A.B. asks: 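One structure follows; several queries about it will come next.
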Amino acid sequence: MGINVTRSSMPDFEEYCNEIRSLWDSHWLTNMGEKHIELEERLKDYLGVENITLFTNGHLALEDLIASFGFPENAEVITTAFTFASTTHAIVRNKLVPVFCDINAEDYTLDESKIEALITDRTVAIVPVHVYGNMCHTEAIDRIAKKHGLKVIYDAAHTFGVKYNGKAASAYGDAAILSFHATKVFNTIEGGAAVYPDEQRGAILDDLKNFGIRNPETCCYVGGNAKMNEFQAAMGICNLRHIDEEILKRRAVCMRYYERLADKEGIKLVSCDFDDNDLNRRNYAYLPVVFEKGMQERDSIWENLKKEGIIARKYFYPLICDFECYEKYGFAGISDLPVSRRIADSVLTLPVYADLELSNVDRICDIIISGIN
């Protein structure tokens with residue numbers, strides 16, 4: 001049996017069946033039913049946040065969250081090209097202009113030292129991305145945003161369970177989104193959420209995700225349909241019971257990778273001391289490896305793994321600004337993103353999931369080590 005880059009965490013079958021049993025009594029399957037309400041409350045408690053709105057997926061959470069700020073059309077938003085397609089798509093689909101900032105070479109998050117040079121009188125917001133579970137340099141970004149009167153909306157899709165200074169990653173900025181996709185540390189099959197400090201934003205988000213319909217006779221926005229259904233919410237309720245255990249299992253897998261690969265010449269891993277505590281905590285969502293010889297070596301090792309039934313991922317490659325769909329926007333070939341391009345050309349994310357056997361981690365490491373020697 002092959003090894004995928006990830007495998008969805010799931011509760012016992014009986015646990016999930018018990019969780020959804022009441023739906024056969026109520027026949028209430030969507031439109032913010034009892035499971036939806038329960039999951040929102042449980043997530044607020046787990047994350048330590050005041051306000052959260054659930055969505056059918058993380059992309060629509062980001063798209064609607066950006067829309068909720070009411071930015072003027074063609075305003076500029078500073079973001080990263082080293083991310084998943086959803087980040088930029090959500091900006092462009094809101095008729096805003098993404099302005100790409102380079103990343104730093106240590107944790108691959110937005111390089112805050114390069115943000116101010118990109119700010120113009122059309123800039124309205126910064127959309128940084130917490131990459132691979134690595135948090136952005138939030139204090140510096142916050143200072144820049146306050147200085148220039150900008151909003152900060154974090155794409156925190158990778159950071160469920162991550163804490164910094166005792167605060168959930170999704171609690172930073174003016175708002176943030178989380179993804180609960182099946183590939184994430186915490187999943188609701190598909191799903192996502194917006195997290196925000198101001199309660200008033202919740203009413204806008206509820207409108208936007210429900211066709212703009214506020215009540216049977218009032219439609220306030222040209223909204224879409226982005227509601228999480230009851231089966232998704234029930235999966236989330238089940239998975240949340242086990243999330244801390246799942247993260248500990250992932251930690252053990254990542255520790256083994258670091259034991260085997262951290263000191264190997266030609267390989268770069270993000271610095272990680274595995275010293276989790278109540279104030280600062282990782283979630284071990286991804287294991288990115290950068291091959292210092294670049295794309296040719298990366299691709300060769302990717303092929304070697306694939307031959308053995310092991311699926312690693314070139315994540316993120318190519319850069320979003322090079323996507324075919326953005327050619328007409330003039331993004332392609334942007335040259336002032338040297339770090340982003342170097343990392344995109346040389347990174348592989350290795351298989352990580354809670355039940356990945358350490359013997360298989362060793363197999364993966366053996367193939368990588370033989371490929372770089």
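Quick caveat, the model's predicted, so the values are computed rather than measured.
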A.B. asks: Look at the side chain of N57 and the backbone N and O of H59, then say whether any donor-acceptor pair between them is shorter than 3.5 Å.
C.D. replies: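 Side chain of N57 to backbone of H59, a donor-acceptor pair under 3.5 Å: yes, one is there.
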A.B. asks: Classify the side-chain pair D244/Y46 by whether it contains a donor and acceptor separated by less than 3.5 Å.
C.D. replies: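 Their side chains do contain a donor-acceptor pair, which is all the 3.5 Å distance test asks for.
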A.B. asks: For the side-chain contact (heavy atoms from CB on, under 4.5 Å) test, which of V347, I368, D345 pairs with F291?
C.D. replies: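 When V347, I368, D345 are each tested with F291, the side-chain contact (heavy atoms from CB on, under 4.5 Å) holds only for I368.
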A.B. asks: Take a 6.0 Å sphere around CD of E50 and say whether it holds more than 12 heavy atoms from other residues, nucleotides or ligands.
C.D. replies: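 Counting other residues, nucleotides and ligands, CD of E50 stays at 12 neighbours or fewer.
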A.B. asks: Among D275, V162, N134, I247, which one satisfies side-chain contact (heavy atoms from CB on, under 4.5 Å) with R282?
C.D. replies: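 That would be N134; it is the only one of D275, V162, N134, I247 passing the side-chain contact (heavy atoms from CB on, under 4.5 Å) with R282.
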A.B. asks: Using modelled atom types only, decide if a donor and an acceptor are shared between the side chain of N187 and the backbone of I189 within a distance under 3.5 Å.
C.D. replies: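 It does hold such a pair.
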A.B. asks: Distance-only, no hydrogens or angles: does the E116 side chain make a donor-acceptor pair with backbone N or O of I144 under 3.5 Å?
C.D. replies: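 Here the side-chain-to-backbone pair does not exist.
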A.B. asks: Give a yes or no on this: more than 12 heavy atoms of other residues, nucleotides or ligands lie within 6.0 Å of atom CG of D278.
C.D. replies: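 Result for CG/D278: open.
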A.B. asks: So, R143 and E139, do they make that salt bridge, N to O below 4.0 Å?
C.D. replies: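 E139 and R143: not salt-bridged.
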A.B. asks: With a 3.5 Å cut-off and no angle check, do the side chains of N104 and T109 form a donor-acceptor pair?
C.D. replies: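 Their side chains do contain a donor-acceptor pair, which is all the 3.5 Å distance test asks for.
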A.B. asks: Quick one: does any side-chain atom of Y258 pair with a main-chain N or O of F274 as donor and acceptor, under 3.5 Å?
C.D. replies: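 Looks like no, no N/O pair under 3.5 Å.
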A.B. asks: Does M32, at its CE atom, have more than 12 non-hydrogen atoms belonging to other residues, nucleotides or ligands within less than 6.0 Å?
C.D. replies: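 It does: M32 CE has more than 12 such atoms within range.
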A.B. asks: When you check the side-chain N and O atoms of E15 and N18, is any donor under 3.5 Å from an acceptor?
C.D. replies: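 No pair is found: no donor N or O on one side chain lies under 3.5 Å from an acceptor on the other.
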A.B. asks: Between K227 and N225, is there a side-chain donor-acceptor contact under 3.5 Å, judged purely by atom types and distance?
C.D. replies: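 A pair is found: one side chain offers a donor N or O, the other an acceptor, under 3.5 Å apart.
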A.B. asks: More than 12 heavy atoms of other residues, nucleotides or ligands under 6.0 Å from CD of E34: yes or no?
C.D. replies: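 More than 12 heavy atoms, drawn from other residues, nucleotides or ligands, come within 6.0 Å of this atom.
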A.B. asks: Take R256 and L356 through the side-chain contact (heavy atoms from CB on, under 4.5 Å) test and state the conclusion after the steps.
C.D. replies: CA-CA 11 Å; R256 186 61 152 257; L356 181 61; over 6 Å; no
A.B. asks: Could you tell me whether R201 sits above the aromatic face of F69, with NZ or CZ closer than 6.0 angstrom to the six-membered ring centre and within 45 degrees of the axis?
C.D. replies: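 R201 over F69 ring: yes.
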A.B. asks: Relative to the ring of F160, is the ring of F186 parallel (under 30°), tilted (30 to 60°) or perpendicular (over 60°)?
C.D. replies: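 Correct class here is parallel.
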A.B. asks: Taking 4.0 angstrom as the limit, do K306 and E303 come out as a salt bridge?
C.D. replies: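 Result for this pair is no, no salt bridge flagged.
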A.B. asks: Look at the rings of Y132 and Y315 and say which category their plane angle falls in: under 30° parallel, 30 to 60° tilted, over 60° perpendicular.
C.D. replies: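 The rings of Y132 and Y315 sit tilted, inter-plane angle from 30° to 60°.
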A.B. asks: Tell me whether R341 is salt-bridged to D102, with the criterion being a basic N under 4.0 Å from an acidic carboxylate O.
C.D. replies: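 No salt bridge links R341 with D102.
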A.B. asks: Any donor-acceptor pair under 3.5 Å linking the side-chain atoms of D276 with those of Y284?
C.D. replies: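 Checked: Y284/D276 side chains pair up, N/O donor to acceptor below 3.5 Å.
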A.B. asks: Should T80 and D111 count as side-chain neighbours, where that means a heavy-atom distance under 4.5 Å?
C.D. replies: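 They are not in side-chain contact.
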